[in-house]
Participant: 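Mind having a look at this structure? Questions to follow.
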Protein chains: 2
Amino acid sequence: MVPGASDDDAVFKALADASRRQLLDRLHRQNGQTLNELCDGLAMTRQAVAKHLAILKDANLVSWKRQGRERLHYINPVPINEIAERWISKFEQPRLQALARLKKSLEGEES
Amino acid sequence: MVPGASDDDAVFKALADASRRQLLDRLHRQNGQTLNELCDGLAMTRQAVAKHLAILKDANLVSWKRQGRERLHYINPVPINEIAERWISKFEQPRLQALARLKKSLEGEES
DNA sequence: TTGACACGCAACCAAACAGTTACCTATCAT
DNA sequence: ATGATAGGTAACTGTTTGGTTGCGTGTCAA
């Protein structure tokens with residue numbers, strides 16, 4: 001399998017939970033956070049957060065490395081991109097129209 | 001609420017199931033199919049398919065109308081587009097890069 | 001070396017989910 | 001009218017899920 005490749009189903013399932021999307025949001029804002037940092041302010045135990053992160057990891061959306069007694073988490077946007085390319089894009093006439101508009105506007109614009 | 005507006009969570013949850021994504025695929029290929037047509041070839045009872053369609057309807061991804069004793073189903077791509085715009089796009093440097101490349105190539109292209 | 005801190009692991013639980021079976025209602029064609 | 005067809009409703013079931021509690025392990029600092 002190509003590195004960064006993903007199982008569509010695992011990704012869709014991982015994204016189905018609001019807490020997990022929130023975790024991705026947090027990592028998107030600041031990458032490399034520890035487990036405790038990611039738990040901060042969430043109405044959930046650390047163990048619950050760890051489970052969510054494990055699911056995100058299985059979907060290849062997050063990876064981590066141990067550093068001393070901490071675990072640093074990193075987001076991987078590739079699977080999300082893949083889904084957008086392979087699956088979502090075909091349902092999006094609006095986006096294609098937006099692209100067409102962009103093309104038109106760029107054609108009319110002289111640098 | 002804006003017509004066609006959607007609850008992100010309901011949409012993500014609806015898309016989390018492979019059978020439901022398959023139903024959307026089918027409706028994308030051919031819109032306006034009846035319940036029985038949508039059931040065709042699926043390893044599932046009609047009732048199960050009807051439940052999936054109800055979930056898709058609650059997420060505003062599918063609508064239907066009765067016509068005689070049949071029920072005609074129609075896909076609504078708007079919610080998919082919305083989550084792509086509002087949520088997925090921010091994780092996609094690749095797509096932004098693609099847009100940037102497109103812009104560049106269009107700038108270099110003289111009509 | 002001994003707390004304190006960051007995380008790992010496993011059992012358990014309630015609720016949600018995906019699917020079934022069984023039966024009922026409405027519509028069409030003959 | 002009546003049978004066949006298309007779909008509606010509801011109860012029930014096994015499995016998954018999202019969360020908990022309890023306790024164990026490894027690492028850092030005083």
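Every chain is numbered from 1, with letters handed out A, B, ... down the list of sequences.
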Participant: Following the transitive rule for hydrophobic clusters with a side-chain heavy-atom cut-off under 4.5 Å over Ile, Leu, Val, Met, Phe, Trp and Tyr, establish whether A:Val62 and A:Leu42 coincide in one cluster.
Facilitator: yes
Participant: How many Å lie between CD on B:Glu70 and C1' on D:dA6, as a whole number?
Facilitator: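 So the CD-C1' distance, B:Glu70 to D:dA6, works out to 7 Å.
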Participant: Output the single nucleotide from D:dG7, C:dA18, D:dG18 whose closest atom is nearest the side chain of B:Arg71.
Facilitator: D:dG7
Participant: What is the distance from CD1 of B:Ile55 to C1' of C:dA16, rounded to the nearest Å?
Facilitator: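 It is 10 Å, rounded to the nearest whole Å.
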Participant: For a quick test of reading the model: is some side-chain N or O of A:Thr45 closer than 4.0 Å to OP1 or OP2 of D:dT20?
Facilitator: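 A:Thr45 to D:dT20 OP1/OP2: side-chain N or O found under 4.0 Å.
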Participant: Measure from CH2 on A:Trp64 to P on C:dA6 and round the result to the nearest Å.
Facilitator: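 To the nearest whole Å, that distance equals 18 Å.
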Participant: Output the single nucleotide from C:dA18, D:dG18, C:dG8 whose closest atom is nearest the side chain of A:Leu35.
Facilitator: C:dG8
Participant: Rounded to whole Å, how long is the line connecting atom NZ of B:Lys65 with atom C1' of D:dA6?
Facilitator: 17 Å
Participant: Taking 4.0 Å as the cut-off, does a side-chain nitrogen or oxygen of B:His52 come that near to OP1 or OP2 on C:dC17?
Facilitator: no
Participant: Write down the distance between CG (B:Leu53) and C1' (D:dG8), rounded to a whole number of angstrom.
Facilitator: 14 Å
Participant: Of the listed nucleotides (C:dC23, D:dT20, D:dG18), which one gets closest to any side-chain atom of B:Gln47?
Facilitator: C:dC23
Participant: Got a list of protein N/O to nucleotides 24-30 of chain C N/O distances below 3.5 Å?
Facilitator:
residue : atom : partner : partner atom : Å
C:dT27  : O2   : B:Arg69 : NH1          : 3.3

Participant: Quick one: bend of the helix from C:dT1-D:dA30 to C:dT30-D:dA1 from 5 pairs per end, to 10°?
Facilitator: 20°
Participant: Do B:Phe91 and A:Asn81 have side chains that get closer than 4.5 Å, going by heavy atoms?
Facilitator: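 No, their side chains stay 4.5 Å or more apart.
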Participant: As a test of reading the structure: which of C:dA6, C:dA11, D:dG7 is closest to the side chain of A:Lys51, going by heavy atoms?
Facilitator: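 So the nucleotide nearest the side chain must be C:dA11.
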Participant: D:dG18, C:dC7, D:dT20: which one has an atom nearest the side-chain heavy atoms of A:Arg20?
Facilitator: D:dG18
Participant: Give a yes or no on whether a salt bridge exists between B:Lys90 and A:Asp25, defined as a side-chain N under 4.0 angstrom from a carboxylate O.
Facilitator: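 Yes, this pair counts.
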Participant: Can B:Arg26 and B:Asp40 be counted as an ion pair, charged N to O under 4.0 angstrom?
Facilitator: no
Participant: Do B:Leu72 and B:Val49 share a hydrophobic cluster, counting only Ile, Leu, Val, Met, Phe, Trp and Tyr and linking them when any side-chain heavy atoms are less than 4.5 Å apart?
Facilitator: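 Different clusters: B:Leu72 never reaches B:Val49 through Ile, Leu, Val, Met, Phe, Trp or Tyr contacts under 4.5 Å.
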Participant: Charged N to carboxylate O under 4.0 angstrom, A:Asp17 versus B:Lys13?
Facilitator: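 Answer for the salt bridge query: no.
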Participant: Over all heavy atoms of both residues, which pair between B:Trp64 and B:Leu53 is shortest? Give the atoms and the distance, please.
Facilitator: CZ3-O, 3.6 Å
Participant: Tell me: CG of B:Asp17 to P of D:dT15, nearest whole Å?
Facilitator: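 One finds 17 Å between P of D:dT15 and CG of B:Asp17, rounded.
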Participant: Do A:Leu38 and A:Ile55 land in one hydrophobic cluster if side-chain heavy atoms of ILVMFWY residues count as linked below 4.5 Å?
Facilitator: no
Participant: Check whether the side chains of B:His73 and B:Arg71 place a donor and an acceptor atom closer than 3.5 Å, and report yes or no.
Facilitator: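 Yes, because at least one side-chain N or O of B:His73 sits under 3.5 Å from a partner of the opposite role on B:Arg71.
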Participant: Let me know the distance between CG of B:Asp40 and P of D:dG7, rounded to the nearest Å.
Facilitator: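 Value for this atom pair: 12 Å.
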Participant: May I ask you to test the B:Gln33-B:Gln30 pair for a side-chain heavy-atom distance under 4.5 Å?
Facilitator: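 Touching, per the 4.5 Å side-chain cut-off.
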Participant: Within this structure, what is the CG-to-C1' distance between A:Asp58 and D:dT17, rounded to whole angstrom?
Facilitator: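 Value for this atom pair: 14 Å.
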Participant: Looking at D:dT5, I'd like to know if its phosphate oxygens (OP1 or OP2) sit under 4.0 Å from a side-chain N or O belonging to B:Asn36.
Facilitator: no
